[in-house]
Amino acid sequence: MKLYQKIMVLIFVILAGCGTLCGWILGENYEKQQFARAADAKVSGYESARYAMEWLWQTEPGMKDSRETAKQIMDRLFQKKLFDGCIWVEDGEIICDSSLYEISWDEGWREEGRFEETEYVLERAGDEYWIVIGSALPWVGEGNYLFSVQDLTEIHGEAQEFIRQFSLIWLLFVTAASLLGAVAARLVLLPMGSLARAAGEISRGNYKVRAEVRRRDETGRLAQTFNLMAEQVEGRIRALTLAGEEKERLLGSLAHEMRTPMTSILGYSDTLLHVKLGEREKERALRNIYEQAGYVQRLSAKLMELMALHQNESISMKEERIGMLLEKAVLMAGERRPGQDFKLYLEEDFSVCGDKDLLVSLFVNLLDNGAKASEPGQEIQAVVQKGRVMIRDFGKGMAKEELAKIREPFYRVVSSGREGLGLGLAICEQIARLHHAKLQFESREGEGTVVTTSF
């Protein structure tokens, strides 16, 4: 069962239950009120008859002289319906009766003092109701009572008819309210269907789908939150995909890069094992093995550094002055390449929150790359401006095709003479990313290259 259908059933049950309770209470009160009105009217009519009987008894000649004469006169009056519906009882014996009903005298009434004054009781037998009104007739004598029995079954039927009509109207109202509630609930829950469809698409791998947001209520805010979550999921999936692709490229490049030195090591090792060589040939073979093994060692160290940067996001960050870091980087680059002219231009110093050693490594790598592309003695500049550092060389420069590939691991610029391992810029990119910085490269063949690190 769908949610809007459950809401419709719930509304129906609640309203039907409330209607049943209200109908029963209203029916009971209505019936009591009708019985009370009818009783007041019957008592008023009874009082009129009792007053008429008392007046006749007091004024009619012969009524007080002879009891038999009085009974005959009253019997004629009862037969002529002057006292319609009344019963004259004397010591439990019915004297006169113009009623359609019988009444049984109870001696306990006299002992209890019942009907000394005018009073009434309601009697019920099945679905039939009566009102019994009575009082003593002291002017006639002790033990004389006048009763009136009236049928009130019609009033009970009117009350039942009121309850039936109320129930029918309430049932129609409840049905209409339930249907309207279901329609309203369905309209309110329409965005939930859009969310469900969007979630289904995302579960099937379509991370670009978004839920439609057309409202400003809770469902609209839920859709906005869902879309924000979908964007975050898409971003994470994209990052994981790129990381996986980058790892595949890295492993592929690593396998390709290590194939040549390992082939050379295996070849020279096999020659040393199976071929008799002179001292010079042996020395040359061993030197080649040593050089290739050193290359593999450096390659492993660089890869370990790169992998550590990929995995370690919680590097110790402190406030550092860029000018001081550049001074240290220029000195280290000069010690590494004493033939180059490294210059620091501190135009506007600034501070960043970062890891000192990593930032120095970043600048040393960029200065070293500039030195590789420059002639001996050429100036390599490190310029500090507000929010950025520029490393500029005036060397060979790069073509646009090479500029687009220099960020790839193991790629080495042709003009650099295949010097290095091709991992320096990959490490620089990772260091910059950890410091929320961006590397930009500008280069022209024959004019040099400018690398800008923007924080």
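All residue numbers in this chain count up from 1 along the given sequence.
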Review point. Does Asp349 use its side chain to pair, donor to acceptor, with the backbone of Gly323 at less than 3.5 Å?
Key: yes

Check your understanding: Is any side-chain heavy atom of Thr118 less than 4.5 Å from a side-chain heavy atom of Glu47?
Key -> yes

Review point. CZ of Arg444: more than 12 outside heavy atoms within 6.0 angstrom?
Key: no

Exercise for review: Output all residues satisfying ring-ring contact (aromatic ring centres under 6.0 Å, His included) with Phe363, sequence neighbours left out; order by chain, then residue number.
Suggested key: none

Review point. Does a donor on one side chain and an acceptor on the other come within less than 3.5 Å for Gln150 and Ser148?
Key: yes

Check your understanding: Can Lys42 and Asp40 be counted as an ion pair, charged N to O under 4.0 angstrom?
Key -> no

Exercise for review: Can you measure from OG (Ser361) to CD1 (Ile431) and round to the nearest 0.5 angstrom?
Suggested key: 4.0 Å

Review point. So, His435 side chain and Val352 main chain: donor-acceptor pair closer than 3.5 Å or not?
Key: no

Review point. With a 4.5 Å limit on heavy-atom distance, are the side chains of Ser443 and Val450 in contact?
Key: no

Practice item. Find out whether Arg388 and Thr453 are in side-chain contact, i.e. whether some heavy atom of one side chain is under 4.5 Å from a heavy atom of the other. Key: no

Exercise for review: Count the heavy atoms belonging to other residues, nucleotides or ligands that lie under 6.0 Å from CD of Glu117, then report whether that count exceeds 12.
Suggested key: no

Exercise for review: Side-chain contact test, heavy atoms from C-beta onward, threshold under 4.5 Å: evaluate it for Val389 versus Ile322 and give yes or no.
Suggested key: yes

Point to revise | salt bridge (Lys or Arg N to Asp or Glu O under 4.0 Å) partners for Glu119, two or more places apart | key: Arg114

**Study point:** Residues forming a ring-ring contact (aromatic ring centres under 6.0 Å, His included) with Tyr120, sequence neighbours excluded
**Key:** none

Point to revise | Non-hydrogen side-chain atoms of Trp130 and Leu152 separated by less than 4.5 Å | key: no

Point to revise | Ring centres under 6.0 angstrom apart (Phe147, Phe115) | key: yes

Study note, to complete from the structure: Residue pairs passing the salt bridge (charged side-chain N to carboxylate O under 4.0 Å, His left out) test with at least one member in residues 270-280, sequence neighbours excluded, are none

Point to revise | Thr449 side chain reached by Val451 side chain, heavy atoms, under 4.5 Å | key: yes

Review point. Does atom CD of Glu234 have more than 12 heavy-atom neighbours from other groups under 6.0 Å away?
Key: yes

Check your understanding: Do we see a donor-acceptor contact under 3.5 Å between the side chains of Gln385 and Glu348?
Key -> no

Check your understanding: To the nearest 0.5 Å, what is the distance between CD (Glu319) and SG (Cys353)?
Key -> 6.0 Å

Exercise for review: In plain terms, say whether Glu283 and Arg287 are close enough for a salt bridge, that is, a side-chain N and a carboxylate O under 4.0 Å apart.
Suggested key: yes

Check your understanding: Should the heavy atoms of other residues, nucleotides or ligands under 6.0 Å from CE of Met324 be counted, would the total exceed 12?
Key -> no

Point to revise | Residues forming a ring-ring contact (aromatic ring centres under 6.0 Å, His included) with Tyr345, sequence neighbours excluded | key: none

Review point. With no hydrogens and no angle check, is any side-chain donor or acceptor of Gln378 less than 3.5 Å from a backbone partner on Phe394?
Key: yes

Review point. If you look only at pairs with a residue in residues 160-171, which of them pass as a salt bridge (charged side-chain N to carboxylate O under 4.0 Å, His left out), with sequence neighbours excluded?
Key: Glu161-Arg164

Check your understanding: Side chains of Arg284 and Asn288: does their closest heavy-atom pair fall under 4.5 Å?
Key -> no

Check your understanding: Is there a donor-acceptor contact under 3.5 Å from the side chain of Gln340 to the main chain of Glu375?
Key -> yes

Practice item. State whether the number of non-hydrogen atoms from other residues, nucleotides or ligands found under 6.0 Å of Glu379 atom CD is greater than 12. Key: yes

Exercise for review: Give a yes or no answer on whether the side chain of Ser203 reaches the backbone of Gly200 with a donor-acceptor pair at less than 3.5 Å.
Suggested key: yes

